[in-house]
Structure formats: structure tokens, C-alpha cells
Participant: 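Sharing a structure, written as C-alpha cells. Questions coming.
Nothing here was measured: the structure is a model prediction, and the numbers come from that model. Just so you know, residue 1 is the first one in the sequence shown, and it goes up from there.
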Amino acid sequence: MKTQTFVLICDLKDDEEAIQAYVDCHKSVAPEIIESIRVAGVLQMSIYRWKYRLTMILVGDEEFSFEKKAKLDDANMKVQEWEAFLGQYQTNLPGTPPNWRWALTEKIFDFQG
């Protein structure tokens, strides 16, 4: 199976309580949210944190697209509630439009030994 790997970044508010609340809510993500990720064609998703900066590694199947995921998310009230809830802890990355949380990064180096 062919896959696609994406790396996205997001900033949390630089506030220890907000950061800890964000981390805590990811310890038990609702099954409906996990299912929405799976239905969108995501095979693996991991989020890493350094201080207030988040990095997401997303591996999608060959049919995955952010446009498809956005349409599915827009039609899912549980996902909308989850995103609104998380939005209180997130902030915009410098240079991104308002309400722009996760930004897709550009791969500039790739080593495969």
C-alpha cells in the first residue's frame, strides 16, 4: 500500500495551564474523533510537543487529502466540538491567516539509508 507522510506544526498559547490542559485532553480522545481520523484515510497520527510548539506526523493512505478530511470534519458535529474546544488552547503561527491552527511544513531533507 502506498502512503503519504505529512508534518504539520501548531503553537499552543504560551501558558503552562493551557499547555497542560491540551496535553491532558489528548490522553483519552473520544472514539468518535478517532473514527473520524480513520475514515479520512489517516493510517497513523502522532503529535509531539516542545514547550508550546506542536509537531504532528500524519501518515495517510494514497487517497488521503486535506480537502477530503476538511469536508468530512465540517459535516461531523463531534469533530467541530472537539476543534472548538482545542482552539481555546491554540494560537496562530506567525504569518498564518486568522483561525489557522495547523500549518503544513515543507520537507527540505530526506535521508534513507
Side-chain angles (χ1 to χ4, degrees):
M1 172 191 287
K2 189 175 179 181
T3 62
Q4 307 175 70
T5 301
F6 304 94
V7 178
L8 299 97
I9 57 173
C10 177
D11 278 353
L12 297 173
K13 293 178 179 173
D14 191 6
D15 173 270
E16 281 305 315
E17 287 183 27
I19 292 168
Q20 192 57 53
Y22 188 90
V23 169
D24 289 346
C25 74
H26 281 82
K27 290 179 181 175
S28 62
V29 178
E32 298 91 344
I33 301 303
I34 298 298
E35 183 61 18
S36 75
I37 294 168
R38 185 178 294 115
V39 167
V42 176
L43 303 172
Q44 180 182 358
M45 179 186 286
S46 303
I47 300 175
Y48 296 85
R49 180 179 74 86
W50 180 79
K51 298 189 183 234
Y52 58 84
R53 172 74 37 95
L54 302 174
T55 302
M56 176 191 296
I57 300 172
L58 185 155
V59 178
D61 62 23
E62 59 190 307
E63 311 255 329
F64 175 83
S65 75
F66 288 102
E67 294 79 14
K68 173 184 165 186
K69 184 169 183 337
K71 285 181 185 176
L72 291 169
D73 289 351
D74 286 345
N76 186 322
M77 284 307 298
K78 192 73 170 173
V79 171
Q80 292 303 307
E81 291 170 9
W82 173 252
E83 292 296 332
F85 177 73
L86 294 179
Q88 69 183 316
Y89 305 120
Q90 298 166 321
T91 188
N92 281 59
L93 287 162
T96 60
N99 295 319
W100 191 274
R101 303 292 185 228
W102 286 96
L104 187 61
T105 63
E106 173 187 1
K107 183 192 296 188
I108 62 166
F109 178 76
D110 190 21
F111 171 79
Q112 297 180 22

Participant: Any sub-3.5 Å donor-acceptor pair from Q88's side-chain atoms to F85's backbone N or O?
Facilitator: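 Such a contact is found between Q88 side chain and F85 backbone.
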Participant: Check this for me: does any side-chain nitrogen of one of D24 and K27 sit under 4.0 Å from a carboxylate oxygen of the other?
Facilitator: yes
Participant: May I ask whether M56 and L86 are part of the same hydrophobic cluster, defined by side-chain heavy atoms of I, L, V, M, F, W, Y residues being less than 4.5 angstrom apart, directly or through others?
Facilitator: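 Same cluster: M56 reaches L86 through Ile, Leu, Val, Met, Phe, Trp or Tyr contacts under 4.5 Å.
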Participant: To check you understand the geometry: which heavy-atom pair defines the closest contact between A18 and Y89, and what is its length?
Facilitator: O-CD2, 3.7 Å
Participant: Is it true that, when you exclude K78 itself, more than 12 heavy atoms of the residues, nucleotides or ligands shown sit nearer than 6.0 Å to its NZ?
Facilitator: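 For K78, atom NZ is not crowded (no more than 12 foreign heavy atoms under 6.0 Å).
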Participant: State, to 0.1 Å, how close S36 and N76 come at their nearest heavy-atom pair, and which atoms those are.
Facilitator: CB-ND2, 3.9 Å
Participant: Hey, can you tell me if F64 and F6 have their rings parallel, tilted or perpendicular (30° and 60° cut-offs)?
Facilitator: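 F64 and F6: tilted rings.
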Participant: State the CG-CD1 distance between D110 and I108, to the nearest 0.5 angstrom.
Facilitator: 11.5 Å
Participant: When you measure from the side chain of R38 to the backbone N and O of A40, does any donor-acceptor pair fall under 3.5 Å?
Facilitator: no
Participant: Which heavy-atom pair separates D11 from P94 by the least distance, and what is that distance?
Facilitator: OD2-CD, 4.3 Å
Participant: For D73, does its backbone N or O pair with a side-chain atom of Q80 as donor and acceptor, under 3.5 Å?
Facilitator: yes
Participant: Hey, quick one: are V39 and I33 part of the same hydrophobic cluster, counting side-chain heavy atoms closer than 4.5 Å, chains of contacts allowed?
Facilitator: no
Participant: At their closest point, which heavy atom of K51 faces which heavy atom of I19, and how far apart are they?
Facilitator: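 Heavy-atom minimum between the residues: O-CD1, 4.0 Å.
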Participant: Going hydrophobic residue to hydrophobic residue with side-chain gaps under 4.5 angstrom, can you get from V79 over to W100?
Facilitator: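 The answer is no; the residues belong to distinct hydrophobic clusters.
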Participant: Do I47 and W102 have side-chain heavy atoms sitting under 4.5 Å apart?
Facilitator: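 Of all side-chain heavy-atom pairs linking W102 with I47, at least one is under 4.5 Å.
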Participant: Tell me whether Y48 is reachable from L43 by hopping between hydrophobic residues (I, L, V, M, F, W, Y) whose side-chain heavy atoms are closer than 4.5 Å.
Facilitator: no
Participant: Report the distance from atom CG of L104 to atom CZ of F66, rounding to the nearest 0.5 Å.
Facilitator: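 The distance works out to 5.0 Å.
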Participant: Check whether any side-chain N or O of T3 sits under 3.5 Å from a backbone N or O of V59 as a donor-acceptor pair, and report yes or no.
Facilitator: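 No.
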Participant: Quick one: CG on L72 to CD on E67, what's the gap to the nearest 0.5 Å?
Facilitator: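 Answer rounded to 0.5 Å: 12.0 Å.
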Participant: Would you indicate whether the side-chain heavy atoms of I9 and R53 approach each other to under 4.5 Å?
Facilitator: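 Yes, close enough: below the 4.5 Å cut-off.
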Participant: Less than 4.5 Å apart, side chain to side chain, heavy atoms only: is that true for Q90 and Y22?
Facilitator: yes
Participant: Indicate yes or no: at least one non-hydrogen side-chain atom of V29 is less than 4.5 angstrom from one of W82.
Facilitator: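 Result yes, sub-4.5 Å side-chain heavy-atom pair found.
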Participant: Using 0.5 Å steps for rounding, measure from the CG atom of L8 to the CE atom of M45.
Facilitator: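 Rounded to the nearest 0.5 Å, the CG-CE separation comes to 8.5 Å.
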Participant: Working to the nearest 0.5 angstrom, can you tell me the gap between E63 CD and K2 NZ?
Facilitator: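 Reported to 0.5 Å precision, the distance equals 11.5 Å.
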Participant: Going hydrophobic residue to hydrophobic residue with side-chain gaps under 4.5 angstrom, can you get from I57 over to V42?
Facilitator: no
